[in-house]
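Below is one structure, written out as structure tokens, with a few remarks after it.
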Amino acid sequence: QVVQELHQKLEDRGYRVSTYGFSQTFARLALEEPGKYPGFPLKCDFIATRRDSHIGIFKKSPIYSAIDNPLNILAEKLSFIYKKSPKDIADTWTICRHLSFNWEEVIEQANRKRTTDPLLAAESLEAFPAAELEKVRWVSPIQLEHFERDREIMVQNIIIKADNQL
């Protein structure tokens, strides 16, 4: 119901809104503001999660009742990394490049959401074909060799549950 209300409010403000994958626990909205970045919608995922498994606090805004924080998003991504979704891998890499955290804490939080084996997560990340990142619509171009270098660091950090070293 919250997502449907948000969908309507955004349309009322002139945004073009598409809804994908709507269920009781997940919804994805793609938003386009007319005349701005045509063909590059902002995709927003809404995930119903238990409050006791959430890391950090939600932020509030005039439009959204709760905006998630990067550390919780990272724990969510880690718990699904075995699916090897290019978007999830891209989000994981981007968060790691911009956030200081400890992998042991993220793994613990991911385990509160669903069972997350750090070795399987590391193996899934290591086996991910870097070229798949080209399927992601990036704001600015990326260098696959940078991802490959950073991926090795992330894999090692996950295995030894170290501080993020990116």
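Residues Ile81 and Asp88 are not in side-chain contact: their nearest non-hydrogen atoms beyond the backbone lie 4.5 Å or more apart. Contact check for Ile159 versus Leu119: side-chain heavy atoms found under the 4.5 Å cut-off. Side chains of Glu134 and Leu144 form a contact here, defined as non-hydrogen atoms less than 4.5 Å apart. With a 4.5 Å cut-off on side-chain heavy atoms, Asp163 and Phe101 do not count as touching. By the 4.5 Å heavy-atom criterion applied to side chains, Glu33 and Arg13 are not counted as neighbours. Looking at heavy atoms from C-beta onward, Ser18 lies out of side-chain contact with Leu29 at the 4.5 angstrom threshold. Put simply, the side chain of Gln109 does not reach to within 4.5 Å of the side chain of Asn72, judged on heavy atoms. With contacts defined as side-chain heavy-atom distances shorter than 4.5 Å, the pair Ile160/Trp103 does not qualify.
Under the 4.5 Å side-chain heavy-atom criterion for Ile, Leu, Val, Met, Phe, Trp and Tyr, Ile158 and Leu120 are members of distinct hydrophobic clusters. At a threshold of 4.5 Å between side-chain heavy atoms, the hydrophobic network of Ile, Leu, Val, Met, Phe, Trp and Tyr places Phe80 and Val136 in two separate groups. Ile107 and Leu71 fall within a single hydrophobic cluster, where Ile, Leu, Val, Met, Phe, Trp and Tyr side chains are chained together by heavy-atom contacts under 4.5 Å. The same ILVMFWY cluster, assembled from side-chain heavy atoms under 4.5 Å apart, contains both Phe128 and Leu166. When the side chains of ILVMFWY residues are joined at heavy-atom separations under 4.5 Å, either directly or via intervening members, Ile142 and Leu125 end up in a single hydrophobic cluster.
Other residues, nucleotides and ligands contribute over 12 non-hydrogen atoms within 6.0 Å of the NZ atom of Lys84. Within 6.0 Å of the OH atom in Tyr15, the count of heavy atoms belonging to other residues, nucleotides or ligands does not exceed 12. Within a 6.0 Å sphere centred on CZ of Arg97, other residues, nucleotides and ligands contribute more than 12 heavy atoms.
Of the inter-residue distances, the one linking Asn157 atom CG with Glu152 atom CD reads 11.0 Å to the nearest 0.5 angstrom. In this structure, OG in Ser100 is found 11.0 Å from CD in Gln165, a value given to the nearest 0.5 Å. To the nearest 0.5 angstrom, Glu123 atom CD is 9.0 Å from Asp117 atom CG. Here the CZ atom belonging to Arg151 is positioned 9.0 Å from the CD1 atom belonging to Ile89, to the nearest 0.5 angstrom. Here the CD1-CD distance, from Ile73 to Glu76, works out to 9.0 Å after rounding to the nearest 0.5 Å. Atom CZ in Arg149 sits 9.0 Å away from atom CD in Glu145 (nearest 0.5 Å).
Between Cys96 and Leu74 the shortest heavy-atom distance is SG-CD1, 4.4 Å. For Cys44 against Leu31, the heavy-atom pair with the smallest separation is SG-CD1, 4.0 Å. The shortest non-hydrogen separation linking Ala75 to Ala110 is O-CB, 3.5 Å. Nearest heavy atom pair, residue Thr116 against residue Leu78, reads CG2-O, 3.8 Å.
Between the side chains of Trp93 and Asp150, at least one donor N or O lies within less than 3.5 Å of an accepting N or O.
Using a 4.0 Å cut-off between charged nitrogen and carboxylate oxygen, Glu104 and Lys161 do not count as a salt-bridge pair.
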Gln8/Asp12 under side chain to side chain donor-acceptor pair (under 3.5 Å): CA gap, chis, key distance, verdict: CA-CA 6 Å; Gln8 188 59 51; Asp12 291 348; 2.8 Å; yes

